[in-house]
Amino acid sequence: MYNVKARAAFSPTANFKKTDITRRALDKKDILIEIKYAGICHSDIHTVRGEWGEVQYPLVPGHEIAGIVKETGEEVTKYTIGDRVGVGCMVDSCGQCEHCQQGEEQYCEGPHGHTGTYADIDKYGEYTQGGYSTHIVVSEDFVVRIPDNIPLEKAAPLLCAGITTFSPLNHWQAAGKNIAVVGLGGLGHMAVKIGHAMGAKVTVLSQTLSKKEDGLLFGADGYYATSDPKTFETLSNSFDLIINTVSAILDYDSYLSLLKLDGTLVNVGAPAEAAPLHISSLIGGRRSFAGSAIGGIKETQEMLDFCGEHNITPEIELISADKIEEAYERVPHSDVRYRFVIDTKTI
């Protein structure tokens with residue numbers, strides 16, 4: 001067993017506190033990772049605040065983890081001490097169902113689905129705790145290798161924001177298509193960078209034009225304010241694919257009107273409320289209203305390799321652990337350019 005330092009939430013509203021947590025002793029296929037950096041995802045905030053259902057406190061969030069292998073179990077073959085590695089949103093799955101066998105562990109159909117990196121129960125019956133900590137123990141099968149040319153602090157957000165946008169762009173084959181990205185936040189700016197590198201023509205749809213200069217710098221070909229009603233007239237029937245990264249309810253009918261025949265609106269942002277839309281918005285253009293989660297482990301590695309090859313990294317604000325509460329206040333107001341990352345040596 002390993003006693004490690006962490007920052008935990010003890011209620012939906014209380015500040016984070018310093019604490020110690022226990023990591024399990026290494027199983028045969030396990031790796032002990034010294035966490036160097038942990039990204040702050042909007043999902044962390046939703047979970048900590050109980051907006052996605054009840055959770056068990058104290059809770060250590062964080063599923064954007066980058067670090068160094070410190071110890072390995074006796075049967076580990078994929079990694080050695082000193083390797084640069086990452087851990088994303090899941091740390092286990094049943095491994096037996098159709099989806100797991102196909103490398104789509106994020107859609108595991110086992111009795112409990114995949115095991116989340118935090119706020120979940122693992123196969124040992126323990127409550128999982130995440131990356132706002134100094135160390136984590138994970139099976140080698142749920143660890144990915146970080147390319148040497150990606151700094152660890154910038155690799156961390158790729159483990160959620162990167163794969164969450166790469167996966168739908170990959171699945172719906174964005175290359176060569178006319179796509180739009182709704183929102184230029186932690187997810188959205190990665191969708192723009194990755195979509196551009198894939199060879200798509202990328203348009204950003206943001207509430208205002210305040211980040212237009214950034215969007216164009218990241219590779220967008222166009223940038224429009226959704227607060228301007230003329231935007232929806234100008235762009236009607238324009239896009240093959242729309243990636244919606246916003247975690248709030250939108251006028252989905254208006255966004256669906258921007259799709260060409262057979263176009264798809266894919267939601268990766270996850271608002272807590274039910275989504276209102278008219279079925280006629282789908283029928284008229286044989287359009288699809290879809291969702292996408294993260295990618296499987298194989299696809300996550302593909303994403304990292306793709307980002308390494310194309311020198312794609314997120315824009316980050318590196319913070320100390322004492323600034324977590326401030327970050328939690330700023331993220332919902334889109335007051336970050338574009339992802340907070342905790343330097344875990346400050347934990």
Side-chain angles (χ1 to χ4, degrees), residues 7-9 12-13 15-16 37-55 59-66 86-90 106 116-120 128 130-132 153-168 181-194 204-207 210-211 214 218 226 243-250 266-275 291-295 300 303 314-319 321 323-342:
R7 292 290 176 113
T13 56
N15 287 343
F16 279 79
Y37 300 98
I40 293 179
C41 178
H42 206 153
S43 299
D44 300 349
I45 301 171
H46 286 306
T47 304
V48 166
R49 292 179 174 171
E51 294 169 355
W52 285 351
E54 292 185 10
V55 296
L59 170 63
V60 179
H63 57 209
E64 297 181 337
I65 297 168
V87 177
C89 302
M90 55 186 173
Q106 74 275 30
T117 304
Y118 63 83
D120 207 347
T128 58
Y132 298 9
E153 66 271 22
K154 293 199 169 189
L158 295 177
L159 277 304
C160 178
I163 187 57
T164 297
T165 50
F166 180 90
S167 188
V181 175
V182 182
L184 193 72
L187 292 174
H189 90 290
M190 289 309 306
V192 172
K193 289 188 175 191
I194 293 170
V204 176
L205 303 175
S206 187
Q207 196 167 16
S210 63
K211 298 179 182 177
D214 284 354
F218 298 154
T226 56
I243 305 294
N244 174 27
T245 71
V246 176
S247 293
I249 294 295
L250 302 177
V266 183
N267 296 275
V268 295
E273 306 86 358
S292 178
I294 55 173
T300 302
M303 175 274 303
E315 307 300 313
I316 67 168
E317 290 189 31
L318 190 62
I319 62 171
K323 299 291 186 180
I324 294 174
E325 291 82 11
E326 179 183 327
Y328 271 42
E329 291 301 316
R330 289 174 57 187
V331 168
H333 295 95
S334 300
D335 183 21
V336 54
R337 303 259 175 126
Y338 281 85
R339 202 69 156 184
F340 285 115
V341 176
I342 303 164

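- Contact between A270 and S247 at its shortest, heavy atoms only, is N-OG, 3.5 Å.
- By the salt bridge (charged side-chain N to carboxylate O under 4.0 Å, His left out) test, E325 is found to be paired with no residue, residues two or more places apart in sequence or in another chain being considered.
- Residues satisfying the side-chain contact (heavy atoms from CB on, under 4.5 Å) criterion with D120, sequence neighbours excluded, are T115, T128.
- The shortest non-hydrogen separation linking G295 to T300 is O-OG1, 3.7 Å.
- The aromatic rings of F16 and Y132 sit tilted, their planes meeting at an angle between 30° and 60°.
- By the 30° and 60° cut-offs, the orientation of the rings of F218 relative to Y338 is perpendicular.
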Between L59 and V48, is the side-chain contact (heavy atoms from CB on, under 4.5 Å) condition met? List the steps. CA-CA 7 Å; L59 170 63; V48 166; 4.0 Å; yes
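- Minimum interatomic distance between D44 and G62 (heavy atoms only, all atoms of both residues): OD1-N, 3.8 Å.
- When all heavy atoms of E64 and C41 are compared, the pair lying nearest together is OE2-CB, 4.2 Å.
- Distance check: R339 CZ to E153 CD gives 15.5 Å after rounding to the nearest 0.5 Å.
- Of the charged side-chain nitrogens involved, none lies within less than 4.0 Å of a carboxylate oxygen, so that E317 and K323 do not count as a salt-bridged pair.
- Atom NZ of K154 is separated from atom OH of Y37 by 12.0 Å, given to the nearest 0.5 angstrom.
- Contact detail for P168 and I163: the closest heavy-atom pair is CD-O, 4.4 Å.
- Considering every non-hydrogen atom in both V60 and A8, the closest pair reads CG2-CB, 3.8 Å.
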